[in-house]
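Each chain gets a letter, A, B and so on, in the order the sequences are listed, and its residues count up from 1.
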2 protein chains.
Amino acid sequence: MATRMKDIAVDLGVSLMTVSKALRNHSDISEETRARVLKRARELNYEPNWIARSLATRRTYMVGVVIPDLMHSFFAEVAKGIARHLDPLGYQVVISNTDENPAAERRQVDLLVARHIDGLIIATALPSWKLNAHPAFESRATPYVLIDRLPAGLEANYVGVRDEELGEMATAHLLAQGCRRVAHLRGPATANSAGRVRGYKRALSRAGVEFHPEYVVQAGGGDMSGFTAMQHLLSLPSRPDAVFCYNDPVAAGAIQAVLESGLQVPADVAIIGAGNVHYSDQLRVPLSTIDQSSGLLGEEAAGLLVQCIEAKTPAKHSHILIPPRLIVRDSSRRAALRT
Amino acid sequence: MATRMKDIAVDLGVSLMTVSKALRNHSDISEETRARVLKRARELNYEPNWIARSLATRRTYMVGVVIPDLMHSFFAEVAKGIARHLDPLGYQVVISNTDENPAAERRQVDLLVARHIDGLIIATALPSWKLNAHPAFESRATPYVLIDRLPAGLEANYVGVRDEELGEMATAHLLAQGCRRVAHLRGPATANSAGRVRGYKRALSRAGVEFHPEYVVQAGGGDMSGFTAMQHLLSLPSRPDAVFCYNDPVAAGAIQAVLESGLQVPADVAIIGAGNVHYSDQLRVPLSTIDQSSGLLGEEAAGLLVQCIEAKTPAKHSHILIPPRLIVRDSSRRAALRT
DNA sequence: CTGAAAGCGCTAACAG
DNA sequence: CTGTTAGCGCTTTCAG
């Protein structure tokens, strides 16, 4: 059996409370007593029981992180950023995968809330997010921060990227390479892709390039979605000469599809992704991308959440938007070819 | 305030115990009472308080997973496998990153144990693992399963890959491609790389190829380690014509080093990795690798752990070894070139 | 079948 | 500065 405060107390002939206070550096304990307690605690390998402590204090120092896919290195990086911020503060991070499944997401949230986590960080897979619809959530009023994806019309704390700016940046870059038939592999409606689509359109219109609806196709979730969506684009009568993909895994799939069809990247089709996943410079063709500072994003989200947890006033809906950064690699570098 | 059992009890004019039993489908409650309780519980959005329950039952239904790097998709995949197995059983998975840092690992383990997790799955970064040296661990006797890496001479539950077989398989494959100067980028001493080195040597000796110590260099931990280690190999007077890398990220770095030096893969240097990370077929040169069934590995580990948790008799040290599978892609396919 | 008593290990609030 | 009295919300044990 593990050592309890009580053991130390009887051992030293003091009261349980004295031990409790001494251990927590409570002010009103004499230096001498504290020293004795600490010493004995160490000797007995005392470790506080977090369960009991949580029950009494109503704080667990656990934070839940709900993400659609751990395998997607963007989210893994975000998760690491979160942990990096929270760990020194004494919070334990509990990560849950939803596989982009709304039902799974709801279940995970319920579970975490039932475990009385102190706060929640969520990259939601729900088209329109209603935590309010979560009875468990509502009753406990667990503070939460959304990341990466902000369902339209939802007022909430949010940390993400300037999606419209991102879309415009990527598209403008492709146009600057001399491409004119610029297509877009957009993400599912549930994601943050609407803003990127807007940015895409804006860049086109600013460059005076006509918008062709058939150039925007959706690349769902799966690992192969970029591949198949690209195949579709290639089969169009007027095949695109550039593609802006809403994330890097999709872009990687797109590159494969282009190469397999016998065409070249970027000569025939220039490609750019988003997210700057860590292996994107090692791909078949090193991938141009828009960096989203994933680690930083995680840290910011964690910071905001802690603020919410510790504030007595639940000052809702702050937004933190991280500026996108263009990273040019071979997959879109066409200028050189035209010299 | 969230609903408690007590609320339901007074509400229905029954005792707290009746509610408790009814909610847990305890046998001795009349169907009628149970129905009433369940109904009211739903109406009041009752959610059991896990903290309180844990304190009373001494079970948390949380399982800790301690891994060196979430960003390495091998571990991400393992983690998903673990969750896939544990989730339906009602266990929550708590993942901790150690960044290959022994001190961090020790700290994470302590934290998890202090939180009274029911069991632990660890891919250790410690050279020689001594949980026994963990006072907290020892006193609580938390069941645990090691994965991927088994420190020499340690008796413990373990789920991993047949490393020696893996090393031999990879090396034999390179030899079969006609390579004779086969080098090996081995992992750090803390990892499971010793077995792979043995396999490498065995394959050489079986093929009657002499072993050159300078052909075995260590590729540490960092993302660039494969790159720099490969550069070293390329600078040797007698440059290798093939390299077996102990994992895929290192292999990816090695490929880059070879290409940057102006040589070809696999024509000048054939390369094979291990782990079959999900993007390995999208690399600059599609990477041959040895698949380790990461997801399955996670599931097996979870299964073994649950067995330990639920067994009254702590039947220690089972070993589950997953057979490696050769996957040939372009990076090592030389036979075709020689026709 | 139902319930009263006791306790899991710790802490908040107040007395001494 | 130290200790007492009450819980936190649930479960286990054992009487009714």
Counting only side-chain heavy atoms from C-beta out, which of [options] sits nearest to [X]?
X: B:V14; options: D:dT11, D:dC8, C:dG3; answer: C:dG3
X: B:R58; options: C:dC8, C:dG3, D:dT11; answer: C:dC8
X: A:R24; options: D:dT11, D:dT4, C:dT11; answer: C:dT11

I want to confirm an ordering. Mapping B:T18 and B:A52 to their closest nucleotides on DNA chain C, which one lands closer to the 5' end?
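By nearest-heavy-atom nucleotide position, the 5'-most residue is B:T18.
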With sugar-phosphate meaning primed atoms plus P, OP1 and OP2, does [X] contact a base, only sugar-phosphate, or nothing at under 4.0 Å between heavy atoms?
X: A:I51; result: nothing
X: B:M17; result: base
X: A:S54; result: nothing

What integer distance in Å separates B:L23:CG from D:dC10:P?
9 Å
Whole angstroms only, please: what is the NZ-C1' distance between A:K21 and D:dG3?
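Spelled out: NZ on A:K21 to C1' on D:dG3 is 8 Å.
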Does a donor on one side chain sit under 3.5 Å from an acceptor on the other, for A:S20 and A:R24?
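There is such a pair (donor and acceptor under 3.5 Å, judged by atom type) between the side chains of A:S20 and A:R24.
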So A:Y61 and A:W50, would you call those rings parallel, tilted or perpendicular, with 30° and 60° as cut-offs?
perpendicular
Straight-line distance of B:E77 CD to B:L297 CG, nearest 0.5 Å
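Nearest 0.5 Å value for the CD-CG distance: 10.5 Å.
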Where do B:E105 and B:T124 land on the side chain to side chain donor-acceptor pair (under 3.5 Å) test, with the steps shown first?
CA-CA 8 Å; B:E105 172 172 320; B:T124 186; 2.6 Å; yes
